[in-house]
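Chain letters run A, B, ... following the sequence lines, proteins first and then strands; every chain starts at 1. Only heavy atoms go into these numbers, but all of them, side chains included; no hydrogens, no water, no symmetry mates. A quick note: this is a predicted structure, and the numbers were derived from the prediction, not measured.
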Amino acid sequence: MARSLLGQRLVRVDRGRRLAGIIVETEAYLGIPDLAAHTSGGRRTPRNEPMWLDGGHLYVYFTYGMHHCANVVAQCRGEPVAALLRAIEPTEGLKLMYKRRHSALRDTDLCSGPAKLCAALGLDRRHSGVDLCRDKHLFIEQVRRRAFASDKIAVLPRIGVAYAKQWADKPLRFTLKDSPYVSRF
DNA sequence: TGCGTGATATTCT
DNA sequence: GAATATCACGCAG
């Protein structure tokens, strides 16, 4: 699912205004056995409760005292597997995004990181648990029917999970090759 | 390269 | 109920 999200459009309708972008970078978090996942070892807490819902729900968490990150739940209820949205290519509502991303100088700075994209779209914990398949203000539009061919996708280690022992270096990060909108790690 | 920053999980009383 | 450790990052320098 992390692969097939690439090229699809993430949309938030914020007080009537559309904010949107094409997903260009994701990371897979593989649930209970994955030492880098919030649900590692079967941990189930109020924070990560949305991870345990049906696929299509959104899990947003707050971290480092100032950042939010958003994940799309992937599997059936009870299997806490998800994809972290790491970067989008902003396509609609850039003006409002710049307002929220004070330090951004170029379009490529706007949403090129998991916390940047949340800031640009104004996503926070209020959006954790939203059902993307039903919600009218937050959803994913299908732009393409098939996932990109594998030669269009770069597969890389995940970011910021050095502590996760044997899971730290697994190739679970997917980017659209040559997109200038990916995070710059 | 080095922090800021505060919620959360975990571990203690 | 309280203390502590940790963190799926971004920015200034």
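- Taking every side-chain heavy atom of A/P46 into account, B/dA9 is the closest of B/dA9, C/dA8, B/dG4.
- For the residue pair A/Y98 / A/D107, a side-chain donor-acceptor distance below 3.5 Å is found, with atom types taken as modelled.
- One atom, CE of A/M66, and another, P of B/dT8, lie 15 Å apart when rounded to the nearest Å.
- Residue A/R125 places its side chain closer to B/dA7 than to any other of C/dC9, B/dA7, B/dG4.
- Note: A/Y61 and A/Y59 have tilted aromatic rings, judged against thresholds of 30 and 60 degrees for the angle between ring planes.
- Look at B/dT5: it lacks any Watson-Crick or wobble partner with both distances under 3.5 angstrom.
- Using modelled atom types and a 3.5 Å distance limit, the side chains of A/S179 and A/E89 yield no donor-acceptor pair.
- At the phosphate of C/dA8, neither OP1 nor OP2 sits under 4.0 Å from any side-chain N or O atom of A/Y59.
- The side chain of A/H67 contributes no N or O atom lying less than 4.0 Å from OP1 or OP2 of B/dT5.
- Atom P of nucleotide C/dG10 and atom NE2 of A/H102 are separated by 17 Å, given to the nearest angstrom.
- In this structure, of B/dT10, B/dT8, C/dC9, it is C/dC9 that holds the atom nearest to the side chain of A/C69.
- Across all strands shown, A/Y64 has heavy atoms under 4.0 Å from base atoms, whether or not it also approaches the sugar-phosphate.
- Put simply, OH on A/Y29 is 12 Å from C1' on C/dC7, counting in whole angstrom units.
- Rounded to an integer number of Å, the gap from NE2 of A/H38 to P of B/dT10 is 11 Å.
- Within the 4.0 Å cut-off from OP1 or OP2 of B/dA9, not a single side-chain nitrogen or oxygen of A/R44 is found.
- Counting non-hydrogen atoms under 4.0 angstrom, A/A115 reaches the backbone sugars and phosphates but no base.
- For C/dA8, there is no paired nucleotide, since no Watson-Crick or G-U wobble pair has both relevant distances below 3.5 Å.
- Checking the phosphate oxygens (OP1, OP2) of C/dG10, no side-chain nitrogen or oxygen of A/R184 falls inside 4.0 Å.
- Between B/dA9 and A/T45, a contact under 4.0 Å exists linking OP1 or OP2 to a side-chain N or O.
- Closest to the A/R47 side chain, of the nucleotides C/dA8, B/dA9, C/dG10, is B/dA9.
- A donor-acceptor contact under 3.5 Å links the side chain of A/Y61 to the base of C/dA8.
- With hydrogens and angles ignored, the 3.5 Å screen pairs a side-chain donor or acceptor of A/K177 with a backbone N or O of A/D151.
- When the side-chain nitrogen and oxygen atoms of A/T63 are compared with OP1 and OP2 of C/dC9, none of them lie within a distance under 4.0 Å.
- For A/R101, the side-chain atoms get nearest to C/dC11 when compared with the rest of C/dC11, B/dA9, C/dA8.
- Rounded to whole Å, atom C1' of C/dC9 lies 16 Å from atom CZ of A/R158.
- For A/T108 (side chain) and A/P180 (main-chain N/O), no donor-acceptor pair under 3.5 Å exists by modelled atom type.
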